[in-house]
Amino acid sequence: MTGWVSLGILAILSFGALLAIGRLKGGLWQIAAAAILLGMTGYALQGRPSLPSSPAKSLGGSEDAAVQLVDMRAEMDQSFGGAKRWLVTADSFAKQGDYKLSASYIQAGLKQNPDDPDLWSALGLQLMLASQGQMSPPAQLAFDKARAIRPNYPAPYYFAGLSRLFGGDLDSAILLWEKALTLATPKAKWKPRLESQLKAAKALQAQALDTSQVKKPNN
């Protein structure tokens, strides 16, 4: 059994257990499911799913998850100019957990490169991380700026979808991830990872729909 198959089975079983227990009220089950998907992000980014199954390492805390998200954003970057030097240093600050310092450093880079979408996208992610994954107005503004400069840039759509997922809006997350996927180049390193997350999110969406239909009272 390959790692991808194991990952898919584990995700679906976890989602099914959350819904079957039925003890998570309101949007709490969606938040719990978001945590599972973030764990999948960690597996996809850290692991090698094409290899046979092996014991998976824990994410080990929010810092590890943030490192994985920073790395995924770096794979989406398309800068080949001077902005890269700002991103390397800013990412090192972020991987140490200092998101505010990382954001400040990126802002310094934007003073010299105001039209660089990778810098704007990186700023959006750091502001998100500093806000515990929430899409704050400044983070949204940064992602909007990146998208305005480069309309076919996938990073703003991916991270906006991740924020929607953490907020319990699974349907919007799926739509944004589908958009990001359409912008992937054929050999994009991050493409298989997003495809895996998207499949799991759709499985959760289908499971939630089935559960809601079962619970409808008979007329």
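Remember, it's a predicted structure, so these values are computed and weren't measured experimentally.
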So W177 and Y157, ring pair (Phe, Tyr, Trp, His ring centres under 6.0 Å) or not? Walk me through it. CA-CA 6 Å; W177 282 0; Y157 294 100; over 10 Å; no
Walk me through whether K179 and Y158 qualify under side chain to side chain contact (heavy atoms under 4.5 Å, CB included). CA-CA 8 Å; K179 176 62 177 179; Y158 173 75; over 6 Å; no
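In this structure, R73 is not positioned above the aromatic face of F159 in the sense of NZ or CZ being under 6.0 Å from the six-membered ring centre and within 45° of the axis.
Between L129 and V70 the shortest side-chain heavy-atom distance falls below 4.5 Å. Residues D118 and Y153 form a side-chain contact, since some pair of their non-hydrogen atoms from C-beta on lies under 4.5 Å apart. Looking only at side-chain heavy atoms (C-beta outward), K84 and D77 come within less than 4.5 Å of each other. By the 4.5 Å heavy-atom criterion applied to side chains, W86 and L119 are counted as neighbours. By the 4.5 Å heavy-atom criterion applied to side chains, E178 and L175 are counted as neighbours. Counting only heavy atoms from C-beta outward, the side chains of L162 and L69 approach each other to under 4.5 Å. Put simply, the side chain of Y99 does not reach to within 4.5 Å of the side chain of M128, judged on heavy atoms. Counting heavy atoms from C-beta outward, Q126 and K100 have side chains that stay 4.5 Å or more apart.
For A173 against G161, the heavy-atom pair with the smallest separation is CB-O, 3.2 Å. Looking at every heavy atom in both residues, P192 comes nearest to A188 through CD-O, 3.7 Å. Smallest separation of non-hydrogen atoms from A201 and I174: O-CD1, 3.7 Å. Heavy atoms only, all atoms of each residue included: L123 and Q107 are closest at CD1-CG, 3.9 Å. Between I149 and P114, the shortest heavy-atom distance links the atoms CD1-O, 4.1 Å. Nearest heavy atom pair, residue P156 against residue A146, reads CG-CB, 4.0 Å.
A donor-acceptor pair under 3.5 Å is formed between the side chain of S131 and the backbone N or O of L127. A donor-acceptor pair under 3.5 Å is absent between the side-chain atoms of S196 and the main chain of R193, judged by distance alone. A donor-acceptor pair under 3.5 Å is absent between the side-chain atoms of N113 and the main chain of D116, judged by distance alone. Under the 3.5 Å distance criterion, the side-chain polar atoms of S121 are left unmatched by any main-chain donor or acceptor of P117.
Salt-bridge formation is not detected for the pair D171/R164: no Lys NZ or Arg NE/NH1/NH2 atom is positioned less than 4.0 Å from an Asp or Glu carboxylate oxygen.
The aromatic rings of F93 and Y105 sit perpendicular to each other, their planes meeting at more than 60°, with 30° as the lower class boundary.
A single hydrophobic cluster is seen to contain both M76 and L181, as judged by linkage of ILVMFWY side chains at heavy-atom distances under 4.5 Å, directly or through other members. By the criterion of side-chain heavy atoms lying less than 4.5 angstrom apart, applied directly or through intervening Ile, Leu, Val, Met, Phe, Trp or Tyr residues, L198 is grouped together with L170 in one hydrophobic cluster.
Under the 6.0 Å cut-off for aromatic ring centres, F143 and W120 do not qualify, their centroids lying 6.0 Å or more apart.
Expressed to the nearest 0.5 Å, how far CD of Q140 lies from NZ of K145 amounts to 14.5 Å. The NZ atom of K189 sits 6.0 Å away from atom CD of E75, with the distance rounded to the nearest 0.5 Å.
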